> 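A single structure is presented below for examination.
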Amino acid sequence: MTATHAPVPTAADSGSSATERFKADKSGNVANTSPERVDLLVREVLSAVHDTIRRHKVSYAEYNALKAWLIDVGETGEWPLFLDVWVEHVVEEVATEHREGNKGTIEGPYYVPGAPERGSRGSVPMREDEPGTPLLWTGRVTSTDGQPLEGAKIELWHADAEGLYSQFAPGIPEWNLRGTFSVEPDGSFEITTVRPAPYMIPTDGACGRLIAAAGWHPWRPAHLHVKVSAPGHEQLTAQLYFPGDQHNEDDVASAVKPELILDPKPSGDGKGETVVYDFALDPVRG
Ligand code: DHB
Ligand code: FE
């Protein structure tokens, strides 16, 4: 297979696209938080910052470095990247701790609603010479009691074999590796895609500079993103990972859970891999 060499996306490319995406889909859907709660939460966060400054005797030069960095994050649109890497995993943990069905994890900044519909057995949209190991994924969507959820929908999106996401890196067809799938009456589905590559946080922007300044690394393990929904059930947002990826243990976004690691097998034709992974969704609590 031929590799396509898309230009490497800059932090500003990914950041500004992620910021526009967030504004379009989610900024109208925010909590109407009471003054009491805003007061409580903001006071606690500021108090933690004040304690850190006192404990470590933070200097004016360090304070100015922080100010310059925060201004930069905003100017290049990197707030969605920063928040989804270093904060979202705890919001997800709190939001889903009551669930009995499948574990989920962070959504990240690169979900786009409305990906092309591909039925219950089909291929995600991809280029004719799409690089990467073919992956055939079969599974079922049920409720936590085991009943098949006939009306279920699976939205799948992921990076390509170079770690790049369509609509956020330049030079990739609009809906590449983004698709919406349905299920059969018994809850089953069969999706053809390719294995994504590990994802690197862009290193040329403010988040990259933080990572370098702190001596961290910029990697997320290879992952498939999914949103699984069905009438009367809580939507599951998850990511699925591949065994043996060196960043399953030190994901920069802290989003890997053991239940989310797939177990792919070589396929019979020797050209790719097959994997089985099912979803059980929690009924909406009455
Ligand atoms: C980021 C990118 C991802 O692909 C992801 O799944 C989570 C976070 C990011 O760059 O912030
Ligand atoms: Fe991702």
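Start at 1 and go down the list; that is how both ligands and their atoms are numbered. These numbers were taken from a predicted model, which means no experiment stands behind them.
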> Would you please classify the geometry between the Phe168 ring and the Tyr110 ring as parallel, tilted or perpendicular, with 30° and 60° separating the classes?
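Aromatic pair Tyr110/Phe168 classed tilted.
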> Report the C-alpha distance between Arg178 and Tyr111 in whole Å, list the side-chain angles of each, state the deciding distance to 0.1 Å, and finish with yes or no for side-chain hydrogen bond (donor to acceptor under 3.5 Å, both in side chains).
CA-CA 9 Å; Arg178 296 177 180 275; Tyr111 168 68; over 6 Å; no
> What orientation do Tyr277 and Phe279 show, parallel under 30°, tilted 30 to 60°, or perpendicular over 60°?
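Judged by the thresholds at 30° and 60°, the geometry between Tyr277 and Phe279 is perpendicular.
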> Which atom pair, heavy atoms only, marks the closest approach of Leu281 to Ser229?
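Minimum heavy-atom separation between Leu281 and Ser229: CD1-C, 4.0 Å.
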> Between Leu83 and Val38, is there shared hydrophobic-cluster membership here, with clusters defined by ILVMFWY side-chain heavy atoms closer than 4.5 Å?
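No; Val38 is not reachable from Leu83 via cluster members.
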> Considering non-hydrogen atoms only, spot the tightest contact between Asp278 and Gly139 and give its length.
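That would be OD1-CA, 3.2 Å.
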> Return yes if some donor-acceptor pair links the side-chain N/O of Asn176 with the main-chain N/O of Ser166 below 3.5 Å, else return no.
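Not at all, since once roles are kept as given, no pair shorter than 3.5 Å links the two residues.
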> I'd like the contact residues of ligand 1, where contact means a heavy atom below 4.0 Å.
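Shell around ligand 1 (4.0 Å, heavy atoms): Leu81, Val85, Ile106, Gly108, Pro109, Tyr110, Tyr165, Tyr199, Ile201, Arg220, His223, His225, Gln239.
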> At their closest point, which heavy atom of Asn248 faces which heavy atom of Phe242, and how far apart are they?
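Nearest pair, atom of Asn248 first, then Phe242: ND2-O, 2.8 Å.
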> Provide the tally of protein N/O/S atoms nearer than 2.8 Å to the Fe ion (ligand 2).
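Atoms of protein N, O or S type lying less than 2.8 Å from the Fe ion (ligand 2) total 3.
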> How are the rings of His223 and Tyr165 set relative to one another: parallel (under 30°), tilted (30 to 60°) or perpendicular (over 60°)?
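The rings of His223 and Tyr165 sit tilted, inter-plane angle from 30° to 60°.
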